[in-house]
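Okay, so here's the structure we're looking at.
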Protein chains: 2
Amino acid sequence: MHLARIPSDTVFQALADETRLRIIHLLVETGEESCLCELVDSLLEPSYKLSRHLKILRQAGLLTSQKEGRWVYHRMLEEPSYIMRLYDVVRALPDADGIYAADLARFRERLCLRDGGRCLVGIQSEEFRAEAVD
Amino acid sequence: MHLARIPSDTVFQALADETRLRIIHLLVETGEESCLCELVDSLLEPSYKLSRHLKILRQAGLLTSQKEGRWVYHRMLEEPSYIMRLYDVVRALPDADGIYAADLARFRERLCLRDGGRCLVGIQSEEFRAEAVD
DNA sequence: ATAATAGTTGCGCTATAGTGCAACTATGCA
DNA sequence: TGCATAGTTGCACTATAGCGCAACTATTAT
């Protein structure tokens, strides 16, 4: 992995959004990796929205993404050290509205649908499924 | 001090700007407090610009300001804990361009002009002095 | 091949952030 | 009382960020 030259404020900019904080919080709190459809079912936000936010986080050096067939798995990094410290901050963030907790509960539930540790099912939440037959 | 209810992303938003990072870096690295004119001479940015950035940092709960006569002193906080961790992140930030180091050097120089630990002289940098007689 | 689906992205829209200028307030000193 | 100065802020301008929609790519299954 080559450490791109990223301006310091870019990293904070990447965390300066509630949706992106929810994503990072989920991955950092569980240490898990997650594909997009699992995130859609956990955060209850449309895939195009999360996809763009994931790109921003990736470009800021806050997570890494790996393609596996149709799925793309996103997970936290292990370097550099100040990114680890940032993860600590995110973990220590207050959760007055219980949003992080709710995301986490849905995520854990959603992980049960995995088979052999891999996601196999696509978006489950009714309102975010792509035009499925009712 | 009452801990206002500040959305998590506001804190990161406040650090998502290079000028504000320079301010925080200076205060956190030295543990010093600083008035506006000292910051102007250290960062070489106009006072109206820094004043506004300081307000944003204050409102985000990243520093506190205290008026003393004509001067207003700004300094880091000691709570809550995740703000301390954020200070740690800022301290650990890479300084590839040497901007933080240059700010710090000018700041330390500028501190020599204090008398009894207090600033008494106003803006020294030529280009940022308010319409002084040439 | 072709359909289904996991994920991405261009476009247009709106909201907000950062800036310089200039006017403003507030404090101390002659 | 009036001036100098530390600091703040309203205004207009520009740039950028986030959004929904819809079209797109890529991969798997039939």
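Every chain is numbered from 1 and lettered A, B, ... according to where its sequence line falls, protein lines coming before strand lines. Remember, it's a predicted structure, so these values are computed and weren't measured experimentally.
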C:dT19 OP1/OP2 closer than 4.0 Å to side-chain N/O of B:Y48: no
Classify B:V121 by what it touches in the nucleic acid, base, sugar-phosphate, or nothing, heavy-atom distance under 4.0 Å. sugar-phosphate
Grab the NZ-P distance between B:K49 and C:dA22 for me, whole Å please. 18 Å
Distance, rounded to the nearest Å, where A:D17 contributes CG and D:dA17 contributes P: 12 Å
Quick check: any donor-acceptor pair below 3.5 Å linking the side-chain of B:R52 to the base of D:dG10? yes
Toward the 5' end of DNA chain D, by each residue's nearest nucleotide, A:R70 or A:R20: A:R20
In Å, rounded to the nearest 0.5 Å, how long is the span from CG of A:D95 to CD of A:E29? 9.5 Å
Quick one: do B:R85 and B:D88 make a salt bridge, cutoff under 4.0 Å? no
In whole Å, what is the span from the CG atom of B:L50 to the P atom of D:dA6? 14 Å
In this structure, how many angstroms lie between the P atom of D:dA6 and the CG atom of B:L54, rounded? 16 Å
Does B:K55 place a side-chain N or O at less than 4.0 Å from the phosphate oxygens OP1/OP2 of D:dT8? no
Are A:L26 and A:L104 side-chain neighbours, meaning at least one heavy-atom pair lies under 4.5 Å? yes
Does any residue of residues 28-38 of chain A have a heavy atom under 4.0 Å from DNA chain C, and if so, which ones, in number order? A:C35, A:L36, A:C37
Between B:R108, B:H74, B:R114, which is the residue that forms a side-chain hydrogen bond (donor to acceptor under 3.5 Å, both in side chains) with B:E32? B:R114
With nearest nucleotides of DNA chain D determined for A:E68 and A:A16 from heavy-atom distances, which residue corresponds to the more 5′ nucleotide? A:A16
Between C:dG18 (C1') and B:H53 (NE2): distance, integer Å: 6 Å
If we count only N and O atoms by modelled type, under 3.5 Å, do the side chains of B:S42 and B:D103 hold a donor and an acceptor together? no
Listed partners of A:R75 passing salt bridge (charged side-chain N to carboxylate O under 4.0 Å, His left out), at least two apart: A:E33
Per the side chain to side chain contact (heavy atoms under 4.5 Å, CB included) rule, which among A:T19, A:I123, A:L54 passes with A:L39? A:L54
In whole Å, what is the span from the OH atom of B:Y73 to the P atom of D:dA6? 11 Å
Rounded to whole Å, the CG-P distance (B:D9 to C:dT16) equals 13 Å
Spacing of A:Q13 atom CD relative to D:dT16 atom C1', expressed in whole Å: 9 Å
Check this one for me: any side-chain N or O of B:K67 less than 4.0 Å away from OP1 or OP2 of C:dT27? yes
